[in-house]
Amino acid sequence: MKKVFALVDCNNFYVSCERLFRPELIGCPVVVLSNNDGCIIARSNEAKELGIAMGTPFFKIQSLIKRHKIKVFSSNYALYGDLSNRVMDILQKWEPEVEIYSIDEAFMTLPPSRVCSLTEYAQQLKNRVLQCVGIPVSVGIASTKTLAKIANRIAKKNGYYKGVFDLTDNENIDTALQATRVEDVWGIGRRYAQKLNNHGIYDALQLKGVNDKWVRKHLTISGLRTVMELRGISCIVSDNSQSHRKSIVSSRSFGREVSSSADLKEAISSYASIAAQKLRSQKLAAGFIHVFLTTNQFKGDQPQYSKSMMVSLPQPSSYTPTIIKSALHGLDQIYKDGYHYKKAGVMLTGISSGKHKQLSLFGSAIKESNCLMNAVDYINSKWGRNTMQSASAGFAKPWSMQQSFKSPSYTTSWQELPLVKAS
DNA sequence: TCTGGGGTCCTAGGACCC
DNA sequence: TCTGGGGTCCTAGGACCC
C-alpha cells in the first residue's frame, strides 16, 4: 500500500507564539523581526493583507507600521524553541513516525488503516495541538512530501477546508497543481522559477510534465526529484539515521559597524564560545574552524572586503579555549585595518562524535578539561547564558545586536514568568 | 541611522596522481 | 607538428530550505 504523508505546519508560528501570551493581539497586525531587528521574518494574516512581504527590511516600512499600529516583536528564540518542542511532543505521541523538518513543521507518516477518514483524523490532531499548546496548525495530506506541501498551502489559504486538505485523491491533484505557481513548489526558488518561466512553464501542472532530461540538465538532480514527487513518486526520503550535522555556524551582524581589531576579537571569541557550546550540547567535536568577516554590502560607496579562512585543529575538539584560540589565530590572518565591518562569524566543520577522537600522530592527547566545560555549561544553563564566559569575549560588547522589541522568555526563565493578578 | 542566521546539497573546475 | 585519459579529492559558488 502506498505511503501517506501529512505535513503539519504551525500557522505564522512566531506570531502565534507571541500572541499566546498576548491574546489581545489576536486580530491585530503583528510582525516579528530577524536578529538585529533587521528584516520581517514572520507576519500575521492581517500584516500579510497590508502587503508586507517576507524579508522586507524593517526600516523601509516604518510609516506603514505607524499608520496601521502594527505590533512589532524582536525574535525570541527561547520562547519559539520551547513552544516548538511542545508541539513536536504532541505529534510524536500521536504517531510513531514523525520527521521534525524545521522549528515549525513536521512530516508524519499516517497509518494505512484507521477508523475515520484522513481529513477527520488530521482535524483531531490539529485540535489536540491547539488544546494542549495553543498553537494553530494546518495539515496537508498526500502521497509524497512535495504534494503534501502543496496540500498544506491550500489548507492554509482556503478557509473552506478548516486547516486540513487531503490530496490523496488523484482527481484533485492536477487541479491543485494547475492552481500552484512554480515558485510556490517546495524546492523551486526564485532562480529556478525564472528559468522555468523563461521556458514557458508557469504552474506546477506544467512542471509535472516537463521532459526529464531538460530538468536534470537545468535544475540538477534535486529538481528532478521535485518533478518526480509532483508525479506522485515519493523520492525525498527522510533521514532517520542517527547521523549528526555536518557544520555548526555562529555568526551575527553587528549592532553597529565595527573597525577595530579589539572589537572583532571580542565578537569572534563570543561566536566561537557559542559554537563550541552547541558542539558540546550534541556531544560532538570539530576538526576545522572557519573564521569569516565582511563589510556592509549594501553600502556601495564604502570599500568592500570579505574573507574567510580555515584553521585545522591537531585533534577534534569542543573545548572552548581551544576553539577561541584557533578562531582568533584565523582572524589575525584575515583582518585588515581601515574597513567598516558589518558581520563576522565562526563555522565548525569536520565534525565527529566526541567519543572517538583521532589523536595527533606525535605525542599523547592534548590536555583539555571536560570537567571544566561541564561545569561552565551547567552554570550557564541554570543561571542564564554568559553567567560564565571567556574574558576575551568582552563585557560591554558594543558590537552586539539590537533587539529593541523582545518579549519576555515566558516559558524558559523563572525571572520572566507571566504574572496573573486577581482583582 | 536601519537590509538575519543556520543549514543542506549539487556542480564545476583545478590540482594531483598513476 | 606533436603534447593521454581517467579517477579522486578539494574548494568555491550557486541554489534551495525555514
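None of these values were measured; they are calculated from a predicted model. Note on naming: letters A, B, ... go to the chains in the order of the sequence lines (proteins, then strands), and numbering restarts at 1 for each one.
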- Task: Spell out protein contact along nucleotides 7-14 of chain C as letters: B when the base is contacted, S when just the sugar-phosphate is, - when no protein heavy atom is under 4.0 Å; keep the 5' to 3' order.
- Result: --------
- Please measure how far the C1' atom in C/dC17 lies from the corresponding atom in B/dG4, and state the result in whole Å. 15 Å
- Under 4.0 Å between any heavy atoms, over every strand shown, what does A/V185 touch: base, sugar-phosphate, or nothing? Just pick one. sugar-phosphate
- Using the six-membered ring of A/Y305, assess whether NZ or CZ of A/K307 lies under 6.0 Å from its centre and within 45 degrees of the ring axis. no
- Scan A/E105 against the nucleic acid and name what it touches under 4.0 Å (heavy atoms): base, sugar-phosphate only, or nothing. sugar-phosphate
- Message: Let's see if you can work this out: which of B/dG4, B/dT3, C/dC18 has an atom nearest to the side-chain heavy atoms of A/N35?
- Response: B/dG4
- Message: Whether the side chain of A/E105 engages the backbone of A/I100 through a donor-acceptor N/O pair (distance < 3.5 Å, no angle test) should be reported.
- Response: no
- Query: At under 4.0 Å between heavy atoms, what does A/F298 touch on the DNA or RNA strands: base, sugar-phosphate, or nothing?
  - Reply: base
- Query: Using Watson-Crick and G-U wobble pairs with both distances under 3.5 Å, what is the 5'-to-3' dot-bracket string of DNA chain C, with [ ] for crossing pairs and | for pairs outside the strand?
  - Reply: ....||||||||||||||
- Item | Ring centers of A/F165, A/Y160 separated by less than 6.0 Å | no
- Query: Going by number, which of residues 253-263 of chain A have a non-hydrogen atom under 4.0 Å from DNA chain B?
  - Reply: A/S253
- Apply side-chain contact (heavy atoms from CB on, under 4.5 Å) to the pair A/T109 and A/E95, showing each step before the final yes or no. CA-CA 8 Å; A/T109 308; A/E95 280 298 336; over 6 Å; no
- Message: One thing to verify: whether A/K406 and A/D37 come together as a salt bridge, which I'm taking to mean a side-chain N less than 4.0 angstrom from a carboxylate O.
- Response: no
- A/Y341 and A/Y339 aromatic ring geometry - parallel, tilted or perpendicular at 30°/60° bounds: tilted
- Query: Any side-chain N or O of A/K60 less than 4.0 Å from the OP1 or OP2 oxygen of B/dT1?
  - Reply: no
- Message: Classify the ring geometry of A/Y80 against A/Y14: parallel below 30°, tilted from 30° to 60°, perpendicular beyond 60°.
- Response: parallel
